[in-house]
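Here the structure comes first, spelled out in structure tokens, and everything after it is commentary.
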Amino acid sequence: MLVSATEMLKKAREGKYAVGQFNINNLEWTKAVLLTAEEMRSPVILGVSEGAGKYMTGFGTVAAMVKAMIEDLKITVPVALHLDHGSYEGCYKCIKAGFSSIMFDGSHYPIAENVEKTTELVHAAHQLGLSIEAEVGSIGGEEDGVVGMGECADPDECKQIADLGVDMLAAGIGNIHGKYPANWAGLSFETLAAVNEKVGEMPLVLHGGTGIPADMIKKAISLGVAKINVNTECQLSFAAATREYIEAGKDQQGKGFDPRKLLAPGAEAIKATVREKIELFGSANKA
Ligand code: 13P
């Protein structure tokens, strides 16, 4: 069932758990995430970055694939198809393509411009029943060529953006995309608590879910985080399982080179990672 993320995140915030956003890259990824969410009776968000959208030939292809797959696989849990770190233009493209949710990442604009563009996009998204995420304080690390310094968000700016009527808010709290460096200082719970205090019941989003220790995840959820984004961890699991298959020479045994066989261990590894995260985030049996 393709839905906006609004209801599932409201429920998650009230129920003190988080819904996972798992970024997708291709058909295998999408299938693995959807089947795991269904098996665990968990709501789920499929994240699509602009780079991944381009790789999959365009947002229209992605939306058509996800909608058809939900039907063909008989997926009954709530699924949101969400643009991840969208540009202003990218948001309009996804609204047109039939996504059910968008993120406008205006964190690199001066706050006045972030407010102005977010206001307009909230209107455009809500008119068609899509949910919208905004961002304040950039997330560290590199994603699709966008490099963030991992600054902590200003709680007053968070309130300003939250008041525009967004459905979820990503606030930088020292989180980073990709693997965390050994000298990472950890999440700033001080910032998170201050943001949470300002924004009331707004579901907060934790980006950079890969490699955050379980205790920090649990604490973040207790402070209002209702959506956690995971991308790199599925890529690492997929790559490791694929490497193992090839290094064991299995692609050279029988018809082991058949893509349905070659990509199967990687797909199973994505499922295992998604399963582990859904358990940790507490969203199993919440569909
Ligand atoms: P990771 O790649 O660190 O899991 O972050 C994902 C993310 O935040 C997508 O927006």
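By convention here, the first residue in the shown sequence is residue 1. Predicted model only: the values in this text are computed from it and were never measured. For ligands, and for the atoms within them, numbers begin at 1 and follow the listed sequence.
When atom types are taken as modelled, the side chain of S101 and the backbone of H82 share no donor-acceptor pair closer than 3.5 angstrom. A donor-acceptor contact shorter than 3.5 Å links the side chain of E38 to the backbone of V77.
Taking every heavy atom of H85 and a limit of under 4.0 angstrom, the matching atoms of ligand 1 come to 10 (O). Ligand 1 places these atoms under 4.0 Å from at least one heavy atom of H207: 8 (O), 10 (O). The atoms of ligand 1 that sit less than 4.0 Å from any heavy atom of T210 are 1 (P), 2 (O), 3 (O), 4 (O). In summary, the atoms of ligand 1 found under 4.0 Å from a heavy atom of T232, numbered by their order in the structure, are 1 (P), 2 (O), 3 (O), 4 (O). Short contacts between ligand 1 and G209, defined as distances under 4.0 Å to a heavy atom of the residue, involve ligand atoms 4 (O), 5 (O). Proximity to G178 (heavy-atom distance under 4.0 Å) selects the following atoms of ligand 1: 1 (P), 2 (O), 3 (O). For ligand 1, the atoms lying closer than 4.0 Å to a non-hydrogen atom of V230 are 4 (O).
Ring planes of F238 and W29: tilted class, angle from 30 to 60°. Relative orientation of the Y92 and Y88 rings is perpendicular, given thresholds of 30° and 60° on the angle between their planes.
Every N/O-N/O distance between Q21 and ligand 1 stays at or above 3.5 Å. At least one N or O atom of N229 sits closer than 3.5 Å to an N or O atom of ligand 1.
Closest approach of P203 and A226 over heavy atoms only: CB-CB, 3.8 Å.
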Steps toward salt bridge (Lys or Arg N to Asp or Glu O under 4.0 Å) verdict (E133, K227): CA-CA 11 Å; E133 172 179 350; K227 171 174 177 276; 2.7 Å; yes
K271/E39 under salt bridge (Lys or Arg N to Asp or Glu O under 4.0 Å): CA gap, chis, key distance, verdict: CA-CA 10 Å; K271 282 188 189 169; E39 169 198 310; 5.9 Å; no
